[in-house]
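Inspection log for the structure reproduced underneath, given as structure tokens.
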Protein chains: 2
Amino acid sequence: MPDIHDEAALRLAALDQRYTPNRREIVQVLAGAERPLTINEIVDVAPSVPVSSAYRSLTVLSDAQVIRRVAGNDDTGRFELAEDLSGEHHHHLICSNCGTVVDVAASPRLEKALAEAAKAAAEESDFEVHEHRIDLVGRCSNCQ
Amino acid sequence: MPDIHDEAALRLAALDQRYTPNRREIVQVLAGAERPLTINEIVDVAPSVPVSSAYRSLTVLSDAQVIRRVAGNDDTGRFELAEDLSGEHHHHLICSNCGTVVDVAASPRLEKALAEAAKAAAEESDFEVHEHRIDLVGRCSNCQ
DNA sequence: TTTACTGCAAAGGGTTTGCAACATG
DNA sequence: CATGTTGCAAACCCTTTGCAGTAAA
């Protein structure tokens with residue numbers, strides 16, 4: 001498993017993009033988080049990065065598959081490291097009240113059932129399924 | 001199974017809200033769609049409804065559980081009829097290119113596996129899980 | 001006759017972009 | 001040096017809100 005930053009630099013290079021201190025800092029922040037972060041949360045932790053640059057960097061990093069955009073319950077964009085960089089496959093618990101997103105490990109049994117269902121759905125609908133997303137929506141301990 | 005509009009009126013009444021022609025038209029549009037619609041799509045089909053009213057009505061209908069907001073891959077809000085009004089439980093195919101969301105029927109096997117996984121996750125994380133969401137992300141036939 | 005609803009227009013908030021300066025390969 | 005990147009500020013777009021008028025219980 002290569003270093004996250006080395007791999008990030010590689011993936012950016014494939015798009016003729018550079019791995020600048022700005023982008024490195026964003027990746028570092030996401031690598032240190034145990035849940036997807038909003039742009040606000042990111043720039044709060046990395047105040048040296050201007051908001052506009054954060055938006056641009058997140059777009060580029062997302063294009064390069066270094067990070068991934070996560071859809072929550074609200075329209076606030078959240079970001080996490082790409083799964084193949086961060087470690088293991090996981091899903092999300094989403095609080096319908098405050099919008100917080102928490103990671104949760106995937107279960108093999110569930111993954112197997114999902115793989116079957118995805119195959120069937122793809123055939124039926126002429127979709128080419130690349131990935132899946134399972135969200136459990138409810139109330140976090142703070143909002144119950 | 002009562003009529004959709006009767007049931008919608010009931011649920012609104014429970015919140016001291018009225019089932020006006022505006023709201024009825026929105027429900028009618030969503031009832032006739034076979035996939036979640038964006039606000040733009042809704043007002044395109046129902047031009048008599050001003051945009052600001054559409055936003056307000058969708059909020060109220062959503063609070064009353066007549067409709068449900070659906071998160072796609074982008075930040076565009078999409079809406080569909082509540083599942084208990086529209087018929088059967090389903091999941092979504094999301095095109096990562098154009099953002100379109102298509103309904104797909106749920107499989108019993110998948111639901112069972114998910115129920116187990118949700119139980120485990122809820123216990124671990126102190127979440128109170130109310131519903132789940134399964135999205136298959138890929139390319140629709142148009143965007144392949 | 002009280003309370004909810006509507007529609008317009010203005011305000012708001014998050015995101016994107018133009019541009020000139022800078023940095024990197 | 002050619003191209004990608006940055007930071008500021010302005011522009012943008014979608015969504016929300018104030019308000020005065022309307023309609024429904």
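A, B, ... follow the sequence lines: proteins, then strands. Residue 1 opens every chain. No experiment lies behind these values; they were computed from the predicted model shown.
- When each of P21(A) and R69(A) is assigned the nucleotide of DNA chain C with its nearest heavy atom, R69(A) is the one assigned upstream, toward the 5' end.
- In this structure, L30(A) is a member of the same hydrophobic cluster as Y19(A), with clusters built from ILVMFWY side-chain heavy atoms closer than 4.5 Å.
- For Q17(A) and dT5(D), the CD to C1' distance is 9 Å, given to the nearest whole Å.
- Rounded to an integer number of Å, the gap from R23(A) CZ to dT6(D) C1' is 10 Å.
- When distances run from any side-chain atom of S52(B) to the nucleotides dG7(C), dC8(D), dC5(C), the shortest one goes to dG7(C).
- Applying the 3.5 Å distance criterion, the base of dG4(D) shares no donor-acceptor pair with the side chain of R56(A).
- One finds no side-chain N or O of T20(A) lying less than 4.0 angstrom from the OP1 or OP2 phosphate oxygen of dG4(D).
- Summarising the geometry, the separation between CD1 on I42(B) and P on dC14(D) is reported as 15 Å, rounded to the nearest angstrom.
- OP1 or OP2 of dG7(D) has at least one side-chain nitrogen or oxygen of S53(A) nearer than 4.0 Å.
- Nearest nucleotide to the side chain of N22(B), out of dT5(D), dC19(C), dG7(C): dG7(C).
- Rounded to a whole Å, the CD1 atom of I26(A) is 12 Å from the C1' atom of dT6(D).
- In terms of heavy-atom proximity, R35(B) sits nearest to V102(B) at CB-CA, 4.3 Å.
- A donor-acceptor contact under 3.5 angstrom links the side-chain atoms of R18(B) to the base of dT3(C).
- For the pair D75(B) CG and dT16(D) P, the computed distance is 13 Å after rounding to whole Å.
- Looking at Q17(B), its side chain never comes within 3.5 Å of a backbone N or O of V60(B) through a donor-acceptor pair.
- For E7(A), the side chain to side chain donor-acceptor pair (under 3.5 Å) partners at least two apart in sequence or on another chain are R11(A).
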